[in-house]
Number of protein chains: 2
Amino acid sequence: MSASALPYRPHNHEACVNQALADAREICQRQNARLTPTRERVLELIWQSHKPLGAYDVLAQLTEDGHNAAPPTVYRALDFLQQHGLVHRIASLNAFIGCTHAGEHHTGMFLICRACGNVLEMTAPAVSESVRQAAGAENFKVSDVTLEIAGLCPSCQLEHVDE
Amino acid sequence: MSASALPYRPHNHEACVNQALADAREICQRQNARLTPTRERVLELIWQSHKPLGAYDVLAQLTEDGHNAAPPTVYRALDFLQQHGLVHRIASLNAFIGCTHAGEHHTGMFLICRACGNVLEMTAPAVSESVRQAAGAENFKVSDVTLEIAGLCPSCQLEHVDE
DNA sequence: CCCGCAACTGTTATAATGTTGCAAAACTTG
DNA sequence: CAAGTTTTGCAACATTATAACAGTTGCGGG
Ligand SMILES: [Zn+2]
Ligand SMILES: [Zn+2]
Ligand SMILES: [Zn+2]
Ligand SMILES: [Zn+2]
């Protein structure tokens with residue numbers, strides 16, 4: 001599966017999308033899950049960039065497609081995709097982004113650029129470990145970790161010399 | 001400032017509230033900020049337990065008080081309280097909770113029990129450090145970290161042997 | 001004391017995000 | 001094909017958050 005192309009660097013993004021869709025098809029097949037046209041289309045829309053997309057943005061684009069969609073259409077597709085580890089929800093933005101580690105067992109950590117809006121999902125075992133440790137110190141049993149980091153990506157730091 | 005009483009253990013919670021209010025008054029004074037009656041009341045409501053409270057829950061209670069309040073009243077008070085580090089917003093719950101480290105420079109990390117709803121805010125320098133490190137490895141300039149951990153608190157693990 | 005500015009509040013309306021419930025349609029399996 | 005399951009369409013509704021503007025209050029300088 002894809003060696004991470006950095007979202008905020010120019011790259012052949014069509015390759016990102018194709019890879020993601022191919023991975024998705026394979027994963028769903030393996031899990032006996034039905035990647036229906038609507039679901040696949042929603043995944044494709046989510047992957048149209050490395051910026052998280054709101055549910056209603058997805059809805060608007062489905063409508064442009066001529067698809068007669070209502071909010072539940074989108075939320076159901078997104079639920080499905082989340083369930084199968086194909087997209088993540090970014091709680092601090094109420095938005096969704098394609099998972100760049102689909103299929104792999106991982107805990108997402110997201111670097112969210114406030115200037116360009118791009119998000120990089122990274123896996124950081126050291127972070128996961130220290131989180132687990134800290135929670136363990138309180139005898140807390142972890143089931144889900146939300147780790148979202150807002151700031152400036154390398155590209156945008158050049159322009160925003162202030163702050 | 002308060003040595004953390006664990007939220008999910010029985011404790012004299014009135015002391016938590018009083019401490020929080022006293023701290024708030026002092027902090028606002030130092031910062032030349034006006035802790036008006038509405039703001040103080042909202043803070044008190046937020047502190048009524050260690051479970052995060054939604055903005056509209058606060059609103060409902062203000063209304064019970066006889067206060068003729070609308071959503072902006074609450075959101076403005078909450079904005080103020082956040083600005084001055086007196087409450088935190090829990091993004092994964094769309095809810096607010098009193099800060100247990102008001103005044104101290106800290107990065108919050110929240111242990112959210114899915115069973116009892118209580119939230120423990122903890123400071124874990126090791127975690128902050130590893131997050132900073134991981135972000136630094138990508139040349140990302142961190143400005144805000146959202147770290148929310150859902151799971152089971154020690155008390156609730158006893159009952160929920162399953163899962 | 002009172003004017004004038006700034007901060008705070010009240011009020012109405014509206015935007016943005018997410019859910020429920022039920023019936024019709026599509027697919028799966030025997 | 002028939003029965004059962006999953007998925008979709010659709011209408012209504014619930015929850016969370018913001019915009020815009022007018023009124024009020026607190027406070028320092030004439
Ligand atoms: Zn790409
Ligand atoms: Zn950027
Ligand atoms: Zn307490
Ligand atoms: Zn608990």
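Chain letters run A, B, ... following the sequence lines, proteins first and then strands; every chain starts at 1.
- Note on residues 42-67 of chain B: pairs passing salt bridge (Lys or Arg N to Asp or Glu O under 4.0 Å), not counting sequence neighbours, are B/R41-B/E44, B/R41-B/D65.
- For the side-chain contact (heavy atoms from CB on, under 4.5 Å) with B/F96, the qualifying choice from B/I90, B/V58, B/L78 is B/L78, the only one to do so.
- With rounding to whole Å, B/Q82 atom CD is found 12 Å from D/dA17 atom C1'.
- In this structure, the CG atom of B/L35 is 15 Å from the C1' atom of C/dT9, given to the nearest Å.
- Following rounding to the nearest Å, B/L62 (CG) and C/dG10 (P) show an atom-to-atom distance of 10 Å.
- Atom P of nucleotide C/dC8 and atom CG of B/L78 are separated by 15 Å, given to the nearest angstrom.
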Sequence-aligned protein contact record of nucleotides 18-30 of chain C, with B where the base is within under 4.0 Å of a protein heavy atom and S where only the sugar-phosphate is: BBBB-----S---
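- Rotation axes derived from the C1' atoms of the five outermost pairs at either end of the helix from C/dC1-D/dG30 to C/dG30-D/dC1 lie 30° apart, to the nearest 10°.
- Distances shorter than 4.0 Å separate some side-chain N or O of A/T36 from OP1 or OP2 on D/dT8.
- Distance, B/L59 CG to D/dA14 C1': 15 Å, rounded to whole Å.
- In this structure, the CZ atom of A/R39 is 4 Å from the P atom of D/dT7, given to the nearest Å.
- Taking atom CZ of A/F80 as the reference point, atom C1' of D/dT6 lies 11 Å away to the nearest angstrom.
- Each of B/A69 and B/A33 was assigned the nucleotide of DNA chain C with the nearest heavy atom; the assignment lying further toward the 5' end belongs to B/A33.
- C/dA6 atom P lies 17 Å from atom CG of B/N32, rounded to whole Å.
- When each of A/G54 and B/N68 is assigned the nucleotide of DNA chain C with its nearest heavy atom, B/N68 is the one assigned upstream, toward the 5' end.
- A sub-4.0 Å separation between OP1 or OP2 of D/dC10 and a side-chain N or O of A/T73 is absent.
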